[in-house]
Amino acid sequence: MANTDNATTHAALTGHEEHDAHGEHAGHDEHADHGKPHGFWHRWLTSTNHKDIGTMYLVFSCIMFFIGGAHAMLIRAELFHPGLQFFDPGTFNTLTTYHGLIMIFGAIMPAFVGLANWMVPMMVGAPDMALPRMNNYSFWILPFAFALLIGSEFVPGGGGGTGWTIYPPLSVEQGYALPMMIFAIHMMGASSIMGAINVIVTIMNMRAPGMSLLRMPLFVWTWLITAFLLIAVMPVLAGAVTMLLTDHFFGTSFFNAAGGGDPVMFQHIFWFFGHPEVYIMILPAFGIISEIIPTFSRKPLFGYDAMIYATASIAFLSFIVWAHHMFTVGLPLASELFFMLSTMLIAIPTGVKVFNWVATMYRGSISYEPPMLWAVAFVFLFSIGGFSGLMLALAPADFQYQDTYFVVAHFHYVLLTGAAFGIMGGVYYWLPKWTGHMYNMTLAKWHFWMSAIWANVLFFPQHFLGLAGMPRRVPDYATQFTDWNVVSSIGGFAFGLSQILFVILLWQCARGGERATGRVWEGARGLEWELPSPAPYHSWTEAPSMATLERGAPMHQTHG
Amino acid sequence: MKIKPRLLLATLAGLCPLLAAPAAHAAWTLNLTPGVDQVSRDIYGLHMLAFWWCVAIAVVVFGVMIYSMARFRHSRGVVADTGLTHNTRVEIIWTTIPVLILISMAVPAARVLVETTDASGSQMDIRVTGYQWRWTYEYVGTGVKFVSSLDRMSDAARQLGSTIDPYSVPHYLLNVDHPLVVPAGVKIRVLVTGGDVIHSWWVPDFGIKKDAIPGYVNEAWFDVDPDKLGTYRGQCAELCGRDHGFMPVVVKVVSKADFATWLKQQQEAEKTQPPTAATSTSASAAAPAAALAAPSG
């Protein structure tokens with residue numbers, strides 16, 4: 001790490017062929033971190049480096065997972081037994097509301113932005129993100145947004161108790177918490193939009209020569225599509241919450257029936273954002289899984305084109321299905337039919353993706369390192385979430401499922417064992433590339449098995465609770481629901497505790513461990529594996545050669 | 001250790017209603033109730049149809065996946081077939097079959113959907129209004145209107161720091177002071193609206209869940225089988241604030257004769273008692289009970 005000053009001559013001296021060699025032989029230092037700013041504040045506060053910002057996003061997201069998880073633990077503690085033991089019902093509503101907001105906007109979304117920051121430039125052969133200063137802003141908005149959001153839990157009158165969906169008229173009844181929540185949402189939205197613009201510009205403009213669109217790794221593709229979704233819908237959310245704000249403080253009646261407004265209109269606007277948002281949280285996970293499964297099956301991804309078309313179809317369909325969240329609001333029959341059928345259509349591209357993953361494994365040569373374990377669990381458990389999603393799509397059946405624990409089970413299968421497991425898989429996949437060290441495999445497997453088992457103990461019984469008639473967002477329940485709630489709570493506590501293993505593992509891996517090779521995984525293909533581990537501070541100071549590109553991206557070599 | 005007697009209790013509590021009240025759900029319940037009217041049974045049928053399709057798909061997809069995972073292991077020295085990246089025929093097949101499966105579900109789903117929205121020919125209207133945190137029921141045209149709130153025992157037991165064991169309260173959280181009383185074998189239309197925020201009126205056994213939204217009147221209907229007399233319980237299903245979990249829906253289904261008697265009693269009571277705050281708003285209180293033209297079916 002000593003002679004890192006010759007940044008300008010570095011590329012010329014080493015050349016891309018040497019880059020390639022480093023991929024195979026770990027331990028070369030010249031690449032490591034030239035141009036890295038010195039001093040803690042200088043480096044982290046003012047950073048414009050995609051890796052540092054990516055790391056900050058991921059650390060932030062991890063902290064939010066634990067804060068959101070702490071909310072979940074409190075919820076499960078209250079639901080362990082019928083009767084109110086710990087919380088007043090208002091406080092309980094606050095817990096569910098902030099659990100949702102923190103997990104969605106604080107944990108899942110920033111984790112994907114962090115992964116995109118780290119990996120997209122490396123995967124497309126770019127030195128950094130296209131708009132590094134904006135990258136810094138988009139991250140540093142988040143701590144302030146969440147200080148405001150979490151702060152609003154403690155204002156006089158208590159936090160917002162509306163659920164993350166903040167439906168009026170209930171939300172307009174909230175006290176000081178409401179404007180704080182709304183401003184926090186505005187800030188998160190601004191951050192997300194900036195992040196999305198950055199991803200799009202990077203992918204569109206910074207690809208190495210020869211990295212055509214149809215050569216891009218699936219993770220890059222899914223993120224590109226996700227970024228367009230983000231730009232399309234975050235302003236819609238901002239508009240919806242702004243109307244709430246003016247209804248509350250400036251006497252407008254957008255959603256106030258007494259003033260000629262329409263409370264259902266909020267739901268339409270909210271879910272026009274909310275449904276694409278669901279795919280914003282799952283499409284990048286699809287991308288990660290599409291990277292991991294070929295690597296550990298030692299076989300190119302099956303149906304690369306179909307995967308891209310399927311992702312694009314899902315993104316398109318996400319704009320025309322929103323009212324399936326509103327089957328019980330009294331939509332006209334024609335609307336109900338339309339939204340039921342359009343929702344059912346989503347099963348087709350989603351099915352194609354699952355079939356492609358299975359076909360990738362078929363006649364592969366599979367090994368089960370930790371990333372693959374998460375990927376396999378993802379395919380199984382996300383599919384279960386997909387099955388319950390299909391059932392929920394049937395409008396008349398949804399009359400029974402709507403707002404019950406069946407829905408809670410469904411979206412935790414797609415968001416926890418789907419999106420979050422995808423993130424976990426991605427972290428375990430790329431962590432050696434980031435730190436330059438292999439992690440503790442035993443600990444990683446323990447973390448996986450504990451998470452996978454307890455997540456099912458936690459959420460599978462919630463299907464039964466919902467079908468038996470337990471509504472969601474209730475602090476207390478009739479005694480016949482006790483047994484499955486006990487099981488679910490035990491699963492919840494065990495799942496929460498298991499995540500401590502993850503933190504220990506990350507800490508150990510950041511500090512040291514067996515040196516990772518550039519390739520890291522025997523079957524890994526892609527430009528990120530052509531860089532040494534840890535990846536140099538500036539990823540591709542010189543565009544990778546065609547030879548590197550061919551070696552790095554043979555997965556999709558059918559495209560000339 | 002601490003859980004065991006509770007589980008035993010729960011099991012017993014689960015068995016009792018099987019013998020006594022058909023509406024209550026047993027503990028460890030796994031599935032949706034088929035309910036007590038045609039719509040709820042149709043919904044149940046749809047639910048099971050979708051469920052078995054999901055099981056079938058899962059068996060096939062997970063089957064192939066588990067087979068691949070076990071068979072094509074690197075540790076067994078299997079060499080990957082790296083050429084297997086496309087197969088147009090297979091891809092067409094696995095796009096077409098799901099379409100057919102979806103159609104096989106969409107057709108009955110659409111049929112049930114049309115059925116649920118067809119309230120024509122109903123013989124009786126009940127106006128259901130959700131308030132924080134109680135329901136009011138008005139038998140349109142009869143002058144009968146009352147408020148239905150969580151019963152006192154549940155309400156005492158559910159307080160934070162209460163020492164009352166929820167298990168000692170009959171139908172804890174699913175009991176009200178004044179249940180809705182309806183006749184069996186009569187097509188009844190409910191007109192659901194919200195008085196303050198959005199609520200949702202849900203009776204699982206009738207297959208009805210309708211949001212109660214201020215400014216909207218939503219329509220739903222049920223027609224309980226004549227032999228399914230009993231008490232059916234549901235809850236508010238849309239987060240409506242602090243006590244959202246404490247505004248149950250209880251419907252007592254009685255025979256037509258019993259209903260006529262009950263209605264007459266209620267009307268007598270309305271006449272003799274000065275109207276309470278809840279009933280005073282009823283403009284139709286003085287109207288004769290003509291609208292309910294002798295529910296003869």
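Just so it is clear, the values below take in all heavy atoms, side chains as well, and ignore hydrogens, waters and symmetry mates. Lettering follows sequence order; numbering is per chain, from 1.
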Quiz question: by atom type and distance under 3.5 Å, do the side chains of [X] and [Y] form a donor-acceptor pair?
X	Y	result
A:D262	B:Y216	yes
A:S367	A:W521	no
B:N31	B:H47	yes
A:R473	B:H244	no
B:E238	B:W202	no
A:D476	B:Y172	yes
B:D151	B:S154	yes

At a 4.5 Å cut-off on heavy atoms, which part of [X] comes close to chain B: side chain, backbone, both, or neither?
X	answer
A:Q267	side chain
A:L390	side chain
A:A478	both
A:M340	side chain
A:V172	neither
A:N93	side chain
A:F296	neither
A:S388	neither
A:L337	both
A:F92	neither
A:Y368	side chain

Heavy-atom pairs under 4.5 Å with chain B - which of [options] has more of them than the others?
options	answer
A:G83, A:P168, A:A258	A:G83
A:M470, A:Q174, A:M326, A:E522	A:E522
A:Y167, A:W357, A:Y362	A:Y362
A:T94, A:L394, A:V329	A:V329
A:P349, A:S171, A:A257, A:S365	A:S365
A:Q85, A:R472, A:E173	A:E173

Among [options], which residue forms the greatest number of heavy-atom pairs with chain A at distances under 4.5 Å?
options	value
B:L30, B:T117, B:T82	B:L30
B:G241, B:G35, B:C54, B:S40	B:C54
B:G234, B:P214, B:G215	B:P214
B:G245, B:P98, B:A237, B:A50	B:A237
B:E219, B:Q159, B:Q132	B:Q132
B:V197, B:N218, B:V79, B:L160	B:L160

| request: Would you indicate whether the side-chain heavy atoms of A:P169 and A:P263 approach each other to under 4.5 Å? | output: yes
| query | Below 4.0 angstrom, N of the basic side chain to O of the carboxylate: do A:R298 and B:D81 qualify? | reply | no
| task | Quick one: do B:R158 and B:D243 satisfy side-chain contact (heavy atoms from CB on, under 4.5 Å)? Show the steps, please. | result | CA-CA 11 Å; B:R158 65 105 174 172; B:D243 284 349; 3.1 Å; yes
With a 4.5 angstrom heavy-atom cut-off, could you sort out which part of [X] is near chain A: side chain, backbone, both or neither?
X	answer
B:L174	side chain
B:V90	neither
B:L102	both

| request: Evaluate the ring planes of B:W94 and A:F355, with Trp represented by its six-membered ring, and classify them as parallel (under 30°), tilted (30 to 60°) or perpendicular (over 60°). | output: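 If you compare the ring of B:W94 with that of A:F355, the planes turn out tilted.
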| request: Taking the six-membered ring for Trp and the full ring for Phe, Tyr or His, determine whether the centres of A:H463 and A:Y413 are under 6.0 Å apart. | output: yes
| Centroid separation B:W133 to B:F246 less than 6.0 Å | no
| query | Cation-pi between A:K299 and B:F72: NZ/CZ under 6.0 Å from ring centre and within 45° of the ring axis? | reply |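 Because its charged atom misses either the 6.0 Å distance or the 45° angle limit, A:K299 does not stack over B:F72.
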| Going by the salt bridge (charged side-chain N to carboxylate O under 4.0 Å, His left out) test, which pairs reach into residues 37-55 of chain B, not counting sequence neighbours? |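 Found B:R41-B:D225.
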